[in-house]
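See below for the structure under consideration.
This structure is a prediction, so every number in the text was calculated from the model and none was measured.
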Amino acid sequence: MTGAGGSAAQTGPAHPDGPSLVWLRDDLRLGDNPALTAAVERDRPLTLVYLLDETSPGIRPLGGAARWWLHQSLVSLAADTAALGGRLVLRRGAAATVIAELVDELGAGAVFWNRRYGEAERDVDTQIKASLTEAGIVAHSFAGSLLFEPWTIRTGGGTPYTVFTPFWRACTAGPPPRTPYPAPASLDLPGDTDAASPARSTPATLPSDDLDSWELEPRHPDWADGLREAWTPGEGAAQQLLAAFLDDALPRYGTERDLPAQQATSRLSPYLRWGEISPHQIWHATDVARRGLTGAAASSATRFLTEVGWREFAYHVLFHAPDLATANLRPGFDAFPWPPLDERALQAWRQGRTGFRLVDAGMRELWRTGSMHNRVRMVTASFLIKNLLIDWRLGEQWFWDTLVDADPASNPFGWQWVAGSGADAAPYFRVFNPELQAAKFDPANEYVRQNVPEWGTGAYPQPIVDLGETRRAALAAYEQVKNSRPVS
DNA sequence: ATTTTCTTAAA
DNA sequence: TTAAGAAAA
């Protein structure tokens, strides 16, 4: 049980001057948080809440790696909040119910949040905003997770973009993204000095779940040692990582970003996923760093921001195609002749025992660290789809469960991109050769040896398929899709 | 964000 | 025979 008075989804009488509630979701940060900034400016006592919603319809359950990350992030956020004199309250349940309860317990006058872009999440938020407004409580939503709101970027014909380059050109042609907000100086905001304070609970007394009771961390077995070693979740770590990346790797990003053995990528994706850093913070810090660079190094900075642009594009596509994770964006692909599922092949892929060094290295990096270098993601995905002829959705699900950075847009978008079924996707005939990719991008087998210690010994598995044969089979299968009539 | 095969030109 | 570039998949 949580709370004393919270009983139903009904909100009590409105208290226009009542405390503020800031509902954090995919924005687990205090810096550059528009909802938090607006709440602080309202200048009423303020409570932060994170709620674990496993019951609202259509919300995709978090994967295992994501749950681990979330736990660490909430620990970090609670500490950062406390350091500013504030309090993070944890609750679990259907969002509409929990928010109504909290508003009631606090006698809150206003609720603030930053927007989400999945359909189920938007439906939840829209309904909550409507009931709050009806009850006379102010509900404000903000743009905190994307540089460009999906509905603001339109082609000349008024339709959503389906090709990245014109999309990003349109985004960057307009005014630059707003500069980031600083973190509030204090979250200990003054209460009402009048006698008739409407709040039933103060932030200090509002009941909170014990984070451990959510059981986000794996037990029996605890498989998270590799994650603990690889990552320090939290806003502070994100800022340090960004600064170190801009200082060190940014100038060589353009030439080395494809080499998985180099530390030339930012590794910021999980922090972006959870909003521990905002794209605005990345944009402006990179823009500043770019001014100190010339030639190829300056192009590296532009290229890095273009990668942030691909994330924007994935959300743009998700907004307009909510079932991105389950339905082919090009309906013609519904006719793809997937053969009966080969469970053994799928398992070999998941476990990194396919006998192809770069594929196995990537899959093992994923299992151990909860992440995988971008180049290798393309190679492992292409191998599953085109050499094993296994439906991209099964790969997407595995990544969803094992990646700390899996988000509802980039993960399915990337899989559909490789499959050829997506927006501005790789052409269907673009089949990666994992051995050639290994030779090109990991020529000294550094990355392979880091992740597959037995590679080159008798203990390393034999290849489970013939690359030439399976490539031809994939091309033959895609030939059927090419000729099939899309449903229109 | 490709690979393979074909063509041409040079040795 | 090989390298490089174009074309096809």
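Checked against C/dA9, B/dT4, B/dT2, the side chain of A/Asn433 finds its nearest nucleotide in B/dT4. Comparing B/dT2, B/dT3, C/dA9 by their closest approach to the side chain of A/Leu436 singles out B/dT3. When the nucleotides B/dT2, B/dT4, C/dA9 are ranked by their closest atom to the side chain of A/Phe432, B/dT2 comes out on top.
Remark: P of B/dT2 and CG of A/Asp424 are 13 Å apart, rounded to the nearest angstrom. The interatomic distance linking A/Arg472 (CZ) with B/dT2 (C1') rounds to 17 Å, in whole Å. For A/Arg471 and C/dA8, the CZ to C1' distance is 10 Å, given to the nearest whole Å. To the nearest angstrom, P of B/dT3 lies 11 Å from CG of A/Leu467. If you take CD of A/Glu469 and C1' of B/dT3, they are 17 Å apart, rounded to a whole angstrom. Rounding to whole angstrom units, CE of residue A/Met378 and P of B/dT3 are separated by 10 Å. Between the P atom of C/dA9 and the CZ atom of A/Phe429 lies a distance of 10 Å, rounded to the nearest Å. Distance, A/Tyr478 OH to C/dA9 P: 17 Å, rounded to whole Å.
Partner A/Trp23 forms a side chain to side chain contact (heavy atoms under 4.5 Å, CB included) with one of A/Asp125, A/Asn114, A/Leu48 and no other, that one being A/Asp125.
Note that A/Arg67 lies outside the cation-pi zone of A/Trp214, set by a 6.0 Å cut-off to the ring centre and a 45° limit from the axis.
Note: A/His316 and A/His320 meet the aromatic proximity criterion, with ring centroids under 6.0 Å apart.
At the phosphate of B/dT3, OP1 or OP2 sits under 4.0 Å from a side-chain N or O atom of A/Lys440.
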Check the pair A/Arg344, A/Gln347 against side-chain hydrogen bond (donor to acceptor under 3.5 Å, both in side chains), reporting the backbone distance first and the verdict last. CA-CA 5 Å; A/Arg344 285 178 59 90; A/Gln347 196 59 5; over 6 Å; no

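Residue contacts for A/Glu435: at a heavy-atom cut-off of 4.0 Å it reaches no nucleic acid atom on any strand shown.
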